[in-house]
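Atoms within each ligand, like the ligands themselves, are counted from 1 in listed order.
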Amino acid sequence: MKPIYFPEPFRIKSVEPIKILSAKEREQKIKAASYNVFNLASRDVYIDLLTDSGTGAMSSAQWSGVMLGDESYAGADCYYKVQEAATRIFGMPHIQLVHQGRAAEKVLLPILLEGKKYAISNMHFDTTRAHVELAGARAIDCVVKEALDTTSYYDFKGNMDLVRLEKYIKDLGAENVGVIIMTITNNSAGGQPVSVENVRAARDIAHKHGITFMIDAARYAENSFFVKQREKEFKSSSITDIVKDTFEGADCFTMSAKKDAIVNMGGLIGCRDKALFEKIKQRTISFEGFTTYGGMSGRDIEALARGLDEGIDENYLRYRIGQMQYLADRLSDGGIPFQTPVGGHAVFVDAKKLLPHIPYYEFPAQALSIELYREAGIRACDIGSFMLGNDPDTGKQLEAEFEFTRLAIPRRVYTQSHLDVIADALINIKERAKKIKGYKIVEEPPILRHFTAKLAPL
Ligand code: F0G
């Protein structure tokens with residue numbers, strides 16, 4: 001029997017035109033962009049899958065909230081609304097607004113890592129790793145080994161490896177570990193979920209050793225929907241209850257609201273301890289702005305207050321995860337390899353398997369991103385050796401564990417027909433895969449080179 005997908009629980013009131021350029025025009029545009037998709041103008045892109053962050057479509061309720069946004073410097077009405085929604089949903093007594101996820105990391109991580117040497121996470125997102133390192137500590141990833149095999153099914157590939165976690169704490173010394181971070185869902189492993197059982201166990205290990213337990217909550221709602229689908233204990237629970245159970249006993253969280261809260265800009269920090277909250281407020285005033293607006297305009301705060309509840313609506317999540325599963329099934333039927341099972345916000349296509357003749361130093365995942373643009377004006381991105389860059393000591397190209405081309409799906413933006421275009425484009429590319437060639441870098445900056453490097457076909 002064909003699986004049942006869940007249709008959009010909304011109708012469309014406002015549309016934004018997009019157009020597809022001719023194949024000849026696309027060839028000119030990608031060449032002019034030096035074969036780097038970050039250099040493309042978005043007007044030249046038909047379906048933009050660069051990220052699911054800040055690219056979602058707000059609802060009519062959010063847009064009407066924009067007009068009600070209170071722009072007062074202190075004590076704006078929307079500030080109290082966000083406080084009410086966030087304390088109710090996450091069960092944390094103290095909430096601080098900031099302008100996005102990395103701002104939350106910049107404010108909180110140096111406090112937690114003062115005098116410490118390590119942060120351990122199931123997997124640090126790039127900016128989280130950067131802020132751990134900027135605070136003078138090292139970031140250690142500790143994901144379960146099942147995540148590394150892209151072909152095998154496992155319910156919770158985002159989980160922390162608890163045995164290795166205990167071993168790291170013993171070997172490094174608990175007094176040197178400033179924080180244990182649970183990233184839900186696990187973006188870098190492919191948007192893979194973490195079970196509540198695993199969150200609880202990691203939290204208990206942290207607390208047994210007197211270490212702060214933090215959640216990176218960017219995709220907390222998608223994670224909760226997977227928990228409902230896959231974790232027996234929560235089969236009959238509401239998403240609201242699963243979110244509460246996930247956050248229970250966590251000491252603090254950071255959140256990029258640009259994902260599951262479906263806003264274009266925004267972030268939150270939450271914590272339980274009053275003394276920690278005082279420090280968070282002080283740093284927020286220096287880096288973001290006064291505590292009641294935290295670097296955001298009132299209209300964006302109002303939209304965020306409303307988005308927090310929309311993001312955990314079960315009908316919305318059934319449609320959202322249903323979209324991912326529809327696309328994944330079409331790709332499986334077409335023989336396209338990807339991180340299995342599909343995650344919550346993106347399909348991570350395994351370019352190493354699709355283009356086995358292109359070695360890592362000729363960037364197979366980047367080559368596949370370029371082919372997607374050539375084929376159908378789709379913009380995806382490389383999460384592989386091109387993004388990883390060179391060894392800082394030897395200057396030699398590093399080899400990534402995975403060569404993924406990430407297709408991140410914005411929320412409430414594209415229809416099932418768009419998903420069909422994506423699947424058909426990849427199937428067409430697979431048919432001519434053997435003829436696709438790799439790329440060389442002709443110009444690159446020393447750090448974060450993938451954003452600006454120039455490439456040429458081989
Ligand atoms: N944590 C996770 C797990 C993320 O995925 C991101 C952003 C951040 C923190 C930082 O949040 O962008 O609001 O500052 N991820 C985006 C992505 C950029 O494309 O995956 P931010």
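- Annotation: atom 8 (C) of ligand 1 to nearest protein heavy atom, F125 CD2, 3.4 Å.
- Taking a cut-off of under 4.0 Å to the non-hydrogen atoms of K258, the atoms of ligand 1 that pass are 13 (O).
- Checked for salt-bridge contact, R299 and D70 miss the test: no charged N lies under 4.0 Å from a carboxylate O.
- Each of the atoms 9 (C) of ligand 1 lies under 4.0 Å from some heavy atom of E105.
- R318 forms a cation-pi arrangement with F6, by the criterion of a distance under 6.0 Å to the ring centre and an angle within 45° of the ring axis.
- Backbone and side-chain nitrogen or oxygen atoms of R102 are examined, and one is located within less than 3.5 angstrom of a nitrogen or oxygen of ligand 1.
- Looking only at protein heavy atoms, the nearest one to atom 1 (N) of ligand 1 is D216 OD2, 2.7 Å.
- Taking 4.0 Å as the cut-off between side-chain N and carboxylate O, R449 and E444 count as a salt-bridged pair.
- Numbered from 1 in the order shown, with element, the atoms of ligand 1 that lie under 4.0 Å from a heavy atom of K259 read 4 (C), 5 (O), 6 (C), 7 (C), 8 (C), 11 (O), 12 (O), 13 (O), 15 (N), 16 (C), 21 (P).
- In terms of polar-atom proximity, defined here as any N/O pair under 3.5 Å, A218 makes no such contact with ligand 1.
- Here the protein heavy atom with the shortest distance to atom 21 (P) of ligand 1 is Q100 NE2, 3.3 Å.
- At under 3.5 Å, a nitrogen or oxygen of N187, whether backbone or side chain, sits near a nitrogen or oxygen of ligand 1.
- Residues K157 and D149 are not paired through a salt bridge, judged by the lack of any N-O separation under 4.0 Å between the basic side chain and the carboxylate.
- Of the possible polar contacts, one joining the E231 side chain to the V196 backbone as a donor-acceptor pair under 3.5 Å is found.
- Checked against a 3.5 angstrom limit, the closest N/O atoms of R219 and ligand 1 fall inside it.
- Between R219 and D52, at least one side-chain nitrogen of the basic residue sits less than 4.0 Å from a carboxylate oxygen of the acidic one, meeting the salt-bridge criterion.
- Taking any N or O of D52, backbone or side chain, none lies under 3.5 Å from an N or O belonging to ligand 1.
- For the pair T127 and ligand 1, the shortest N or O to N or O distance does not fall below 3.5 Å.
- With respect to R374 and E371, a salt bridge is recorded, a charged nitrogen being found less than 4.0 Å from a carboxylate O.
- Taking 4.0 Å as the cut-off between side-chain N and carboxylate O, D309 and R88 count as a salt-bridged pair.
- Taking only nitrogen or oxygen atoms, main chain and side chain alike, R406 reaches within less than 3.5 Å of ligand 1.
- Ring centroid separation for the pair Y293 and Y79 does not come in under the 6.0 Å cut-off.
- Between H345 and ligand 1, a contact under 3.5 Å exists for no N or O pair.
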